[in-house]
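Everything on this sheet refers to the single structure shown next.
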There are 2 protein chains.
Amino acid sequence: MNDTKKIGGRGRPRTFDRDEALAKAQALFHLKGYDALSVADLTAAIGINPPSFYAAFGNKVALYAEALRLYEHEAGLDVESALAEGVPLEEGIASILQQAADAYASGDAKGCMVIEGARSTVDPEAGAEVRSRLEASRRFIRDRIAARGSLQAELLADYLMMAMSGLSGSARNGLPLDRLRVLAEMAADGAIQHIERK
Amino acid sequence: MNDTKKIGGRGRPRTFDRDEALAKAQALFHLKGYDALSVADLTAAIGINPPSFYAAFGNKVALYAEALRLYEHEAGLDVESALAEGVPLEEGIASILQQAADAYASGDAKGCMVIEGARSTVDPEAGAEVRSRLEASRRFIRDRIAARGSLQAELLADYLMMAMSGLSGSARNGLPLDRLRVLAEMAADGAIQHIERK
DNA sequence: TCTTTTTTGTATCATTCACTACAAAAATCC
DNA sequence: GGATTTTTGTAGTGAATGATACAAAAAAGA
């Protein structure tokens, strides 16, 4: 009944690597979404049986929450440095959308795991989890813009979320990286044009 | 075993209105998505039992296809006149995105039924149906732009689909109409800035 | 009235889902 | 070595899903 790893305990040792299994689960959740990925799919991919799965991760939605945390940590955009005080706001916005285009069109799971998860997850618990994370991302972006002294933090945060959602969807629909990059640049210009001089 | 209506046949008459039931189903599919809406939900909403449901509509995915057709017919954007030869391309693009903002933020089912369905539908058959309809929409927009003599039809179609997808997602996340309208305007300006003089 | 046709309501079916009971296995602690 | 602890594999749980079998009911045609 240990969901957090305690290496070198007493009983029978695990036959699988929990971190590896988590990474595999994260990739699968990103690829197929929460509802389309069954616990049977997960246990088969990890190579374990249901009891081992539940002993290690608690339940499906808890594993999904862990997978989301891992995704944000490993594949999250670097909004922090993009919107650092040194760089002009225009450049920061363009950088975020370029990062998004690059991230969303790379790997075999296209699009943003959080954005796509927020739109597609039916399960109430999992849906609440992923949507709250998406809202947190919006707040983070808004606060970073506001911290620079901009009076358009809400508007620009709305716009960035809208554009990232659009880029994520287009990536998921198979649009290749080069074409997605152009869209990101165009979208950034739309925002830049509406930035008021401070 | 009649999925198309034959008024005044021989046998026992229907106790419900097929068109009303279809409209109800369309609204529910738009609101909850294909997978989250069960046949039991549908029969309860219509007020019939499963055998009547299957006799009238065939099966769940066939009803979904009908609902999509109805949605496109009733709530589809007027791309045709927005991109008519008389209006400047810049205005046409702005018009499409303004129409999208208005449509996506109105009613109680937010966002575009086709765009959101394409992203969230897990069922293979229903997913293929809605995604093929989304692709058809893209082709229609691209062809309408190309018919004007623009050499940027592919690019602008990509961009419009991306922007509509973003607007649909933001609407689904609860962004109110006034704020969505501003985003649509900004997004349109991003495209307009990249239109090459003919 | 009698036959034919179609819809209706009841009562399921088989499948898939997330999740678990249970006992054997494999490690550490004393 | 014996007790304790934890994981393992087998097997199965109850709930929900899309879809149906079947016979009674209600209409039209003869």
Side-chain angles (χ1 to χ4, degrees), chain A residues 1-22 25 28-29 32-67 121-129, chain B residues 1-22 25 28-29 32-67 121-129:
Chain A
M1 218 185 272
N2 262 356
D3 54 337
T4 60
K5 199 177 189 175
K6 281 186 194 167
I7 46 175
R10 186 121 79 125
R12 178 172 176 173
R14 280 219 182 91
T15 59
F16 66 99
D17 187 296
R18 194 183 185 279
D19 292 335
E20 268 182 37
L22 174 59
L28 286 173
F29 274 129
K32 306 192 58 175
Y34 182 85
D35 300 292
L37 186 67
S38 69
V39 174
D41 292 335
L42 282 164
T43 54
I46 301 173
I48 60 177
N49 291 305
S52 302
F53 174 88
Y54 287 98
F57 300 109
N59 55 27
K60 189 187 177 188
V61 71
L63 172 58
Y64 183 59
E66 267 196 78
T121 303
V122 169
D123 179 273
E125 273 189 77
E129 173 70 29
Chain B
M1 215 187 274
N2 263 356
D3 54 338
T4 60
K5 199 177 191 174
K6 282 186 196 168
I7 45 175
R10 189 122 75 127
R12 179 173 175 171
R14 279 219 181 91
T15 61
F16 65 100
D17 187 296
R18 194 184 185 278
D19 292 335
E20 267 182 38
L22 173 59
L28 287 172
F29 275 130
K32 307 192 58 174
Y34 182 85
D35 300 292
L37 186 68
S38 69
V39 173
D41 292 335
L42 282 164
T43 54
I46 301 173
I48 60 176
N49 292 304
S52 301
F53 175 87
Y54 287 98
F57 301 109
N59 57 26
K60 189 186 176 188
V61 71
L63 172 58
Y64 183 59
E66 266 196 79
T121 303
V122 169
D123 179 273
E125 273 189 76
E129 173 70 28

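Note that this is a predicted model, so its numbers are computed, not measured. Order of the sequence lines fixes the chain letters, A, B, ..., with proteins taken first and strands second; residue numbering starts at 1 for each chain.
Residue A/Leu37 is in sugar-phosphate contact alone, with no base atom involved, counting any heavy-atom pair closer than 4.0 Å across all strands shown. Using a 4.0 Å heavy-atom distance criterion, B/Pro50 is classed as a base contact. Residue A/Pro51 is classed as a base contact, given a heavy-atom separation below 4.0 Å to a base.
To the nearest angstrom, C1' of C/dT12 lies 13 Å from CG of B/Asn49. Atom CZ of A/Arg18 is separated from atom C1' of D/dT6 by 15 Å (rounded to the nearest Å). Taking atom CD1 of A/Ile48 as the reference point, atom P of C/dT20 lies 15 Å away to the nearest angstrom. What separates OH of A/Tyr54 from P of D/dT13 is a distance of 17 Å, to the nearest Å. One can place CZ of B/Phe53 at 15 Å from P of C/dT7, the figure rounded to the nearest angstrom.
If you find the closest nucleotide of DNA chain D to B/Pro13 and to A/Phe16, the one lying nearer the 5' end belongs to A/Phe16.
For the 3.5 Å distance criterion, the side chains of A/Ser38 and A/Asp41 qualify, holding a donor opposite an acceptor.
For the pair B/Leu63 and B/Leu22, the minimum side-chain heavy-atom distance is below 4.5 Å.
When the side-chain nitrogen and oxygen atoms of A/Ser52 are compared with OP1 and OP2 of D/dT7, none of them lie within a distance under 4.0 Å. Side-chain N/O atoms of A/Arg14 include one lying less than 4.0 angstrom from OP1 or OP2 on D/dT7.
When distances run from any side-chain atom of A/Ser38 to the nucleotides C/dC17, D/dA19, D/dT10, the shortest one goes to C/dC17. In this structure, of C/dT20, D/dA19, C/dT4, it is C/dT4 that holds the atom nearest to the side chain of B/Arg10. Relative to the side chain of A/Arg12, the nucleotides C/dT7, C/dT20, D/dT8 differ in distance, and D/dT8 lies closest.
Rounded to the nearest 0.5 Å, atoms CZ (A/Phe57) and OH (A/Tyr64) are 16.0 Å apart.
Aromatic ring pairs are classed by plane angle as parallel below 30°, tilted from 30° to 60° and perpendicular above 60°; the pair B/Tyr34 and B/Phe29 is parallel.
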